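Let me begin by presenting the structure, written as structure tokens, before commenting on it.
Given the structure is predicted, the values throughout are model-derived calculations rather than measurements. Starting from 1, each residue takes its place in the sequence as its number.
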Amino acid sequence: MAAGLFGAYAAEKGVASLVTVCSAGLAALENAPVSENAVRAAASLGADIAQHRAHNLTADMVTAQTRFVCMTAQHALALQNAGIPKTQLLALDVSDPYGGDEAVYRACAQQLSAAMPLVFRFVFGCDDIRPMQRQDAEAAAEIERACFAHPWSEAALLASLEQEGARFFLLTAEGRPAGYIGANLVCGEGYMNNLAVLSAFRRRGFGRMLLAALTARLQAESAEFLTLEVRQSNAAAIALYREAGFKQAGIRKNFYRDPQEDAVLMTLELLT
């Protein structure tokens, strides 16, 4: 249930493409099917786990990138004693529903659902990622001023947010706005305006998360493509976009000012 609920939570946030979620036990009956009570409890909260089969934790699941969300402190201690660093472990305090009726499983599923924001912070390193609202314009304008020589004003952001095709997302970390992304969807075509992350929060994968959230939203709306411009000298951003599947479509001469520079036009096909 924990794996199913977190997969659904990551999908809701638009970042399911960035994580592989699986469930493994320390003393599981290999390939045993999930109980019907667990299936119904998870389904009541939007997670489909009907095809799940039990598996034990194996060495190939343990990497430096793996994050282990343990149902109890005892599970976490067992993994720590096996050599897994404490920084890769999160211990929850979830009651074991094994052998209980559907009400017991639903209570456990509710416990797990309530823990999903905590699990999200542990896995992704940020507090939240969500669609922007009018009240976020001031924070986005502050991010703009910190990141760009010619930032959008709060008024410009508000005007853009009010457009019918506006698709903007805000990412928060350590209790404050850390980055945002904005695009406009017009006749099934996405045009990205800005992607900005405050310098204190860079190199944490937040830009990748914002881009994933935007593209997931556009794909859900059957957009054909997403296109953007990026400074030709911005190697880090170009690498990020290429990793996400964008391809260079052309050059816009002298597109940027201060300093004057060409823009690389890049496009991501969304219907392939």
Measure the [atom1]-[atom2] distance between [X] and [Y] for me, rounded to the nearest 0.5 Å.
X	Y	atom1	atom2	result
H55	L29	NE2	CG	11.0 Å
L228	N193	CG	CG	10.5 Å
T172	I129	OG1	CD1	9.0 Å
M192	T215	CE	OG1	10.5 Å
E261	F255	CD	CZ	11.5 Å
L26	M71	CG	CE	11.0 Å

Going through the checks in order, is the salt bridge (Lys or Arg N to Asp or Glu O under 4.0 Å) test met by D262 and R231?
CA-CA 6 Å; D262 295 346; R231 280 187 179 271; over 6 Å; no

Quick one: do [X] and [Y] end up in the same hydrophobic cluster if we chain Ile, Leu, Val, Met, Phe, Trp and Tyr together by side-chain heavy atoms under 4.5 Å apart?
X	Y	value
L57	L90	no
L198	I181	yes
F124	L89	no
V104	L92	no
V230	W152	yes

Kindly assign one of parallel, tilted or perpendicular to the pair F6 and F120, based on the angle between their ring planes and the thresholds 30° and 60°.
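If you compare the ring of F6 with that of F120, the planes turn out tilted.
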
Would you check, one step at a time, whether the test salt bridge (Lys or Arg N to Asp or Glu O under 4.0 Å) holds for R208 with E243?
CA-CA 9 Å; R208 190 167 169 245; E243 181 184 0; 3.5 Å; yes

Please determine whether the number of non-hydrogen atoms from other residues, nucleotides or ligands lying under 6.0 Å from atom [atom1] of [X] exceeds 12.
X	atom1	value
Q51	CD	no
E164	CD	no
R242	CZ	no

Check for a donor-acceptor pair, side chain of [X] on one end and backbone N or O of [Y] on the other, with a separation under 3.5 Å.
X	Y	result
D128	R130	no
Q219	L271	no
D127	E174	yes
S160	A156	no
T72	D93	no
E144	A149	no
N81	A78	no
T66	M61	yes

Please tell me if the side chains of [X] and [Y] come closer than 4.5 Å, counting only heavy atoms from C-beta onward.
X	Y	answer
N194	F148	yes
Y256	Q232	no
N254	R257	no
F68	I84	yes
R252	E229	yes
L265	I251	no
V186	E189	no

Return the minimal non-hydrogen interatomic distance between [X] and [Y], and the atom names on each side.
X	Y	answer
G190	L218	CA-CD1, 4.4 Å
L226	Y191	CD1-N, 4.0 Å
L171	C126	CD2-CB, 3.9 Å
F206	A173	CE1-CB, 3.9 Å
S23	A3	CB-CB, 3.9 Å
L5	A42	CD2-O, 4.4 Å

Distance-only check: which donor-acceptor pairs under 3.5 Å involve side-chain atoms of residues 106-115, not counting sequence neighbours?
from	atom 1	to	atom 2	distance (Å)
R106	NE	E102	OE2	3.0
R106	NH1	S44	OG	3.4
R106	NH2	E102	OE2	3.1
Q111	OE1	S95	N	3.2
Q111	OE1	S95	OG	2.7

Intermediate values then yes/no, salt bridge (Lys or Arg N to Asp or Glu O under 4.0 Å), E221 and R167:
CA-CA 11 Å; E221 297 184 84; R167 301 293 183 268; 2.8 Å; yes

Mind checking side-chain hydrogen bond (donor to acceptor under 3.5 Å, both in side chains) for Y98 and listing every partner two or more places apart, or none if nothing turns up?
none

Those residues at least two apart in sequence (or on a different chain) that pass side-chain hydrogen bond (donor to acceptor under 3.5 Å, both in side chains) with Y241 are none

Could you walk me through whether V39 and M1 pass the side chain to side chain contact (heavy atoms under 4.5 Å, CB included) test, one step at a time?
CA-CA 8 Å; V39 171; M1 289 193 295; over 6 Å; no

Tell me yes or no: between the side chains of S35 and N37, is some donor less than 3.5 Å from an acceptor?
no

Show your working on side chain to side chain contact (heavy atoms under 4.5 Å, CB included) between M132 and Y180 and close with a plain yes or no.
CA-CA 8 Å; M132 274 178 56; Y180 92 98; 3.7 Å; yes

Chi angles and distances behind the side chain to side chain contact (heavy atoms under 4.5 Å, CB included) call for C70, L79:
CA-CA 9 Å; C70 306; L79 293 183; 3.7 Å; yes

Test side chain to side chain contact (heavy atoms under 4.5 Å, CB included) on F246 and L240; report intermediate values, then the result.
CA-CA 9 Å; F246 283 80; L240 170 67; over 6 Å; no

